[in-house]
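Lettering follows sequence order; numbering is per chain, from 1.
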2 protein chains.
Amino acid sequence: MAQSDTVDRILDAAEELFAERGFAETSLRMITSKANVNLAAVNYHFGSKKALIHAVFARFLTPFSATLETAFDELEHKCQGNPPTLNQTLWVLTESAMRMPQRNEKGISIFMRLLGLAYTQSQGHLRKFLEQEYGQPFGRFMGLLKEATPELSAVDRYWRIQFMLGATAFTMSSSDALIDILDNKLGVQASVQEIAARLVPFLAEGMKAPDKIQLPPSVADTTVA
Amino acid sequence: MAQSDTVDRILDAAEELFAERGFAETSLRMITSKANVNLAAVNYHFGSKKALIHAVFARFLTPFSATLETAFDELEHKCQGNPPTLNQTLWVLTESAMRMPQRNEKGISIFMRLLGLAYTQSQGHLRKFLEQEYGQPFGRFMGLLKEATPELSAVDRYWRIQFMLGATAFTMSSSDALIDILDNKLGVQASVQEIAARLVPFLAEGMKAPDKIQLPPSVADTTVA
DNA sequence: TTAGTGCTCAAACGTATGTTTCAAACAGAC
DNA sequence: GTCTGTTTGAAACATACGTTTGAGCACTAA
């Protein structure tokens, strides 16, 4: 059993268990028994549980951010100085994600869920790690969004980006469960790719909504449309 | 120190700590020391940590779901048989949330964050508890959404409701931090009410997006708009 | 062979957790 | 004032956690 075997088995098991149960609720003993390796192997190969969490993210995020930078380069080159549109920018992001090599049948949904957890769970060290390692492509994406929505005020854009992030992180992080529920309720099969294909128009349309907010009308004042 | 005092202090401390750190990462010792009560008080008054979590949700959710049912009654009465519009339905929900009596200055954002965590963190017992106790008003809201968007297929509506839930839960659960960041970056003050006022048009517009999905065009095929 | 290296293994360590115990303090009724 | 049921307090309980240890194994190089 070569080293890489043990390391990869730990990473595979950890990735899956973290996605299922969160970080704090997943013990090293669960990981090592699922991976069929000794408990001490985690601390030997990674040093600590925190470092293992970082390694799980790095294994996916490092090649992904490289792919993304290339895709942004191509997009900007194709546009020859004109700023890419909102739809183009969103599609480049989702396509890059979809095209990442998938380790198993669960594919990208596991990692989407991990990214969602990274936002939700406190885990201060994780957020710091992600910002330091992958802040650049994220900032570039934000810049493209800004160029693609010049009609929005900075405040409008700020909030709507949060809304987009929320819809994406929340849905993708539960994509497995949501796909199952849809199958049970309506007998319809779905895939992460299809979710993305439905999500992008929803987001793009929300971003284009009239930029002046309508202040809450009391229900009493509202007329039937 | 009467019983209610201890019970409420535990609930207050638990609510805040759970919202900050999640359920698994918050120990009973943190809660009891923040509440200035004895460690055993939690198991005496609530029976277990799980039951405490349920009680935290019930304290907010029980009066809220009653308020919501009343508001839905009023809305339907006002519409006299016609189905309420999407905007009306969304506004009734947000207004009901905004009008809940707020225990402290952090107000509703703490509870939004808890609801988000309830979705995200595994905690199977919590999801079961929430479905059993508060499934009815939730189902009624879903029914209103269905009536308000007859043009959508069941599958489209299903996914877009998830997107709306995500954008709402994600944004509201971090509303404090997001308001602070906005103040730092742009020097703009905001409130939870204002977030809601910006969120509803975004969601409504997203729901109205063209119902046929556009399948992912390759970046190479995309033309500059 | 011998020494050294990389890795695995079972066992233990120290710490933190949720929960239980039981005596002491308290409250209100008689 | 005394009794009774309720609530608090300090301490202990059993368990699970992340981490460390040191012996043992397989393999390479000198």
Checklist line | Listed partners of B/Thr67 passing side-chain hydrogen bond (donor to acceptor under 3.5 Å, both in side chains), at least two apart | finding: none

Notebook entry, point to check: Does A/Thr89 have any side-chain hydrogen bond (donor to acceptor under 3.5 Å, both in side chains) partners at least two apart in sequence or in another chain, and if so, which?
Noted result: none

Euclidean distance, atom [atom1] of residue [X] to atom [atom2] of [N] [Å, nearest integer]:
X	N	atom1	atom2	result
B/Asn38	D/dG9	CG	C1'	5 Å
A/Phe46	C/dC7	CZ	P	12 Å
B/Ile31	C/dT19	CD1	P	11 Å

Item checked: Partners meeting side chain to side chain contact (heavy atoms under 4.5 Å, CB included) with B/Thr70 (sequence neighbours left out) -> B/Glu74

Can you give me every donor-acceptor pair (side chain of residues 51-64 of chain B, partner residue at least two apart or in another chain, under 3.5 Å) with its distance?
residue	atom	partner	partner atom	Å
B/His54	NE2	B/His125	ND1	2.9
B/Arg59	NH1	B/Asp12	OD1	3.1
B/Arg59	NH2	B/Asp12	OD1	2.9
B/Arg59	NH2	B/Glu15	OE1	3.3
B/Thr62	OG1	B/Ala58	O	3.1
B/Thr62	OG1	B/Tyr134	OH	2.7

Notebook entry, point to check: Of the candidate nucleotides D/dA10, D/dT7, C/dT8, which contains the atom at the shortest distance from the side chain of B/Tyr44?
Noted result: D/dT7

Check: Hey, does A/Ala40 reach any base, or is it just sugar-phosphate, or nothing, if we go heavy atoms under 4.0 Å?
Finding: base

Note to self: Atom CD of residue position B/Glu133 - does it have more than 12 heavy atoms of other residues, nucleotides or ligands inside 6.0 Å?
What the structure shows: yes

Checklist line | Set of residues satisfying salt bridge (charged side-chain N to carboxylate O under 4.0 Å, His left out) with respect to A/Glu69, sequence neighbours excluded | finding: A/Arg140

Notebook entry, point to check: Is the phosphate of C/dG6, meaning OP1 or OP2, less than 4.0 Å from a side-chain N or O of A/His45?
Noted result: no

Check: Is there a side-chain polar atom (N or O) of B/Thr6 under 4.0 Å from OP1 or OP2 of D/dT7?
Finding: no

N/O to N/O distances under 3.5 Å, protein versus nucleotides 14-18 of chain C:
residue	atom	partner	partner atom	Å
C/dT17	OP1	B/Ser27	OG	3.3
C/dG18	OP1	B/Lys49	NZ	2.8
C/dG18	OP2	B/Leu28	N	2.8
C/dG18	N7	B/Arg29	NH1	2.9
C/dG18	O6	B/Arg29	NH2	3.0

